[in-house]
Amino acid sequence: MDTKNLILRTKFIDRMCHWTMVACFFLVAMSGLSWFFPSLSWMNGVLGTPQLARMLHPFLGTVVFVLLICMFFRFVHHNMPVRTDVTWFRNIVDVLMNRHTKPLKIGKYNAGQKILFWCIMLLISALFATGVVAWRPYFAGYFPIPAIRLALLAHSLAGLGLSCWSLGISIWVSGCAGPLRGCSQAMFPVHGLNSIMTAGMKKRLHPLRILRQSIIHDQRPHRYPGTR
Amino acid sequence: MAMQSQDIIRRSATNGLTPAPQARDHQQEVAKLIDVSICTGCKGCQVACSEWNDLRDEVGHNVGVYDNPADLTAETWTVIRFDEVEDESGRLEWLLRKEGCMHCEEPGCLKACPSPGAIVQFANGIVDFQSDQCIGCGYCIAGCPFDVPRINKKDNKAYKCTLCADRVSVGQEPACVKTCPTGAISFGSKADMKDLAATRVAELKSRGHEGAGLYDPQGVGGTHVMYVLTHADKPEMYHRLPKDPHISRLCAAGKNG
């Protein structure tokens, strides 16, 4: 395979961090949903007996949170809102229809991905905070019962929201969404080359980064037309 | 208390499509009636409870009140509460209440429990924890309107009064009823206990206790442990006994079904 025109999008360490988090989240979400919908109580079998599942759930949830914090510090600078995000929103229909006619002036992440980033940060932080309040036998005893009730409700809603959200996004990104198909390749862990994109994809999806890189590293042989 | 039972009318985390075994549910609803006006606070019921149920709680400390142990624990399922109150005329009154599980007709613990079959309600009204099914999540604690269940640190399981389900199933009264030296605790069918309570309340009223009445809160569908209170109009005086307990809406929403 000719790798000359391929660009590394996500470093190995970041992809490992992301996928370890996803694996843990899968286990945590399965057990958590089993307690919200008791008819699905078989789902906590992914963690062994119901008792073991209950014991491991908060620890694995903490692993998810810690990895999320690592991801936060590594990716937050790509996800700060900038003025050009408005352009993406204005052209949302074209984006969804996979029509790449106008230059959208996108950096590493488009505005939709930034919203995804911040929502996930918010939901997992909320899950961690409310989970600690309800965590027996270690922490729940320090909180009054009305606070625990509130925490359990918020935990359920946030967990349900995040499960639907991540399930929906995963299906969308990996299958249906033309404009985002590259995202799943960017993070896919199995093969090293999958974390790369072609120069053409980059031109189409991340013109601003090309511009910046070509200015900073002047050794790049050519500049793409249509990017300023 | 795990017992082979075919008279279960409610089972935690189980929907109506798969009901619990209930071929033998032709049972009378039972109730324990505690008359606080006769209680002397001797704590005989606490001792009898520990003895029958093989509970050996740690010996605690005097925290400046007569409540001993200071609170319900996983190994203390009933505690006599002592509350000193002053009425409008400045007269001091000592209010005693035997605290423990109220065995609600609509149990908040059972509603909140996410572990199938860890909490059951028998046809006679007793709400019982099947501790081998307990996962130790503590949702029952959040679901209980009376702050009764406690998690045991030794095994991470929730415990509370069983209303001596094992004794009752073979036609005996609970251990606390059996031992109470003043007869402040009675046990029988719920209808009989309500009749008995009506007699006691009338007697208390005739002695000038205008606020006397039966505590059988309807917010939880009534309870299978009832009190005759001399101040039934102000139950909060008896160690924060809730005036209108009900299952928290937050809790009901926090677990689906």
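Each chain gets a letter, A, B and so on, in the order the sequences are listed, and its residues count up from 1. Heavy-atom basis, side chains included; hydrogens, waters and symmetry copies ignored.
The contact between B:I141 and chain A is made by backbone and side chain atoms together, counting heavy-atom distances below 4.5 Å. With a 4.5 angstrom heavy-atom cutoff, A:A134 touches chain B only via backbone atoms. Proximity to chain B is limited to the side chain of A:I145, based on heavy atoms less than 4.5 angstrom apart.
Using a distance-only test at 3.5 Å, with no hydrogens or angles considered, a donor-acceptor pair links the side chain of B:Q121 to the main chain of B:C104. Looking at B:T78, its side chain does come within 3.5 Å of a backbone N or O of B:E99 through a donor-acceptor pair. In terms of modelled atom types and a separation under 3.5 Å, the side chain of B:N53 and the main chain of B:L55 share no donor-acceptor contact.
Within the structure, every pair that satisfies the salt bridge (Lys or Arg N to Asp or Glu O under 4.0 Å) test and touches residues 140-149 of chain B, not counting sequence neighbours, is listed here: B:D147-B:R150.
Geometric assessment of B:K157 against the ring of B:F129 yields a negative cation-pi assignment under the 6.0 Å and 45° thresholds.
The greatest number of non-hydrogen atom pairs below 4.5 Å with chain A, out of B:G138, B:A142, B:S115, is found for B:A142. Top candidate by heavy-atom pairs under 4.5 Å with chain B, chosen from A:R136, A:H155, A:H57, is A:R136.
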